[in-house]
Amino acid sequence: MKGSQLHISKTPKTVSIVIGYFFFINCIVGVGFLGIPSVFRGAGLLTAVLTLALVSLLSWITVTWLLEVMSRAQAIEDIKNQPAGEQWSHFPNFRLETARKFEQSELCEIFVHKGLTYFYGLIVSVSMLVALWASCTVAGQAWSINLPLNFGPFNVCVDSLFNNTYAPEDSGCLASYRFCVFLYAMIVIPLSLLDLREQSIFQTALG
């Protein structure tokens, strides 16, 4: 950034670096890692690796853009909070406050218009619903194939039963699939209601 250097203010942290690392990995990877082997098998090793590298690069670029926008928002907030009559330099001090987090919806309102905040909220809501459906589907398929559910109405599923469909037609496999989705919900829903510090043990175990 021209005219100033971006730095992060040192303030007390809510979680340790190690716990933060597990949060970071679990948020990025999520349950989707269960389907990665199938994707590699279907797309081929070279294509899958190149695609994964490209997506990782794009993710890194968007993270740096978001950090830059947050630092500019912090500079705007510093100018607004400056005492009346006090002069400020031509180049603002771009920095990040760990105790002050700018949400994306807030950034939309600061730099564009409040109407964009509602549009962003709609897009995020739809995205979260799709991600929730996808994660439940992946977890249900992976667990119903790998867990030894061979009792009562349950049968262990095989990959071929999920070809071109998210729910199998076989009654025993379908019962196992629904049971696994239920188990996934019983884990994810209570976990999502916990504070970040309360989640640290679970996030470390999942990582």
Side-chain angles (χ1 to χ4, degrees), residues 14-15 19-45 47-49 51-60 62-63 66 101 103-105 117-207:
T14 57
V15 295
I19 300 300
Y21 168 79
F22 286 115
F23 271 107
F24 181 73
I25 295 299
N26 291 332
C27 287
I28 290 178
V29 177
V31 73
F33 81 95
L34 296 173
I36 290 180
S38 176
V39 173
F40 268 69
R41 183 182 62 182
L45 182 61
T47 303
V49 169
T51 303
L52 188 61
L54 177 61
V55 172
S56 300
L57 176 62
L58 293 176
S59 299
W60 177 78
T62 54
V63 167
L66 182 59
K101 183 176 68 172
E103 299 291 343
Q104 284 88 336
S105 56
T117 303
Y118 301 115
F119 179 73
Y120 172 80
L122 176 63
I123 295 299
V124 170
S125 299
V126 173
S127 175
M128 291 181 67
L129 287 174
V130 173
L132 178 61
W133 174 80
S135 61
C136 288
T137 301
V138 172
Q141 291 182 3
W143 292 2
S144 62
I145 292 174
N146 294 285
L147 293 181
L149 298 175
N150 278 320
F151 56 89
F154 307 119
N155 287 329
V156 176
C157 301
V158 294
D159 289 328
S160 59
L161 293 176
F162 291 101
N163 289 340
N164 302 319
T165 181
Y166 69 92
E169 296 181 359
D170 180 78
S171 59
C173 179
L174 181 60
S176 298
Y177 171 78
R178 290 174 174 173
F179 178 69
C180 290
V181 170
F182 174 76
L183 287 180
Y184 179 74
M186 291 299 97
I187 296 173
V188 171
I189 294 176
L191 185 60
S192 64
L193 299 177
L194 296 177
D195 182 76
L196 290 180
R197 283 168 288 187
E198 296 173 339
Q199 293 183 28
S200 58
I201 297 177
F202 299 98
Q203 294 289 348
T204 304
L206 292 173

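Side chains are part of it too, since the values below use all heavy atoms of this structure and drop only hydrogens, waters and symmetry mates. If you're wondering where the values come from, they're calculated on a predicted model, not measured in any experiment.
For the ring-ring contact (aromatic ring centres under 6.0 Å, His included) criterion with Phe154, the lone passing option out of Phe179, Trp143, Tyr177 is Phe179.
Ile123 has its side chain within reach of Phe119: a pair of non-hydrogen atoms, C-beta onward, lies under 4.5 Å apart.
The OG1 atom of Thr137 sits 9.0 Å away from the CG atom of Leu132 when rounded to the nearest 0.5 Å. Taking CD of Gln141 as the start and SG of Cys136 as the end, the distance is 11.5 Å to the nearest 0.5 Å. The structure places SG of Cys157 at 8.0 Å from CG of Leu149, a figure rounded to the nearest 0.5 Å.
The environment of CE in Met186 is crowded: more than 12 heavy-atom neighbours from other residues, nucleotides or ligands sit within 6.0 Å.
Val158 and Phe162 make their closest contact through O-CD1, 3.7 Å (heavy atoms, listed as atom of the first residue, atom of the second, distance). Across every non-hydrogen atom of Ile187 and Pro190, the tightest pair is O-CD, 3.6 Å. The two atoms that bring Ser105 and Tyr120 nearest to each other are N-CE2, 3.7 Å, heavy atoms only.
Take Cys180 and apply the disulfide bond (SG atoms under 2.5 Å apart) test, not counting sequence neighbours, and it matches no residue.
Between the side chain of Ser176 and the backbone N or O of Val156 there is no donor-acceptor pair closer than 3.5 Å.
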Open item on the list: With side-chain contact (heavy atoms from CB on, under 4.5 Å) as the criterion, how do Trp60 and Thr62 come out once you've worked through the C-alpha distance, each side chain's angles and the decisive distance to 0.1 Å?
Closed with: CA-CA 6 Å; Trp60 177 78; Thr62 54; over 6 Å; no

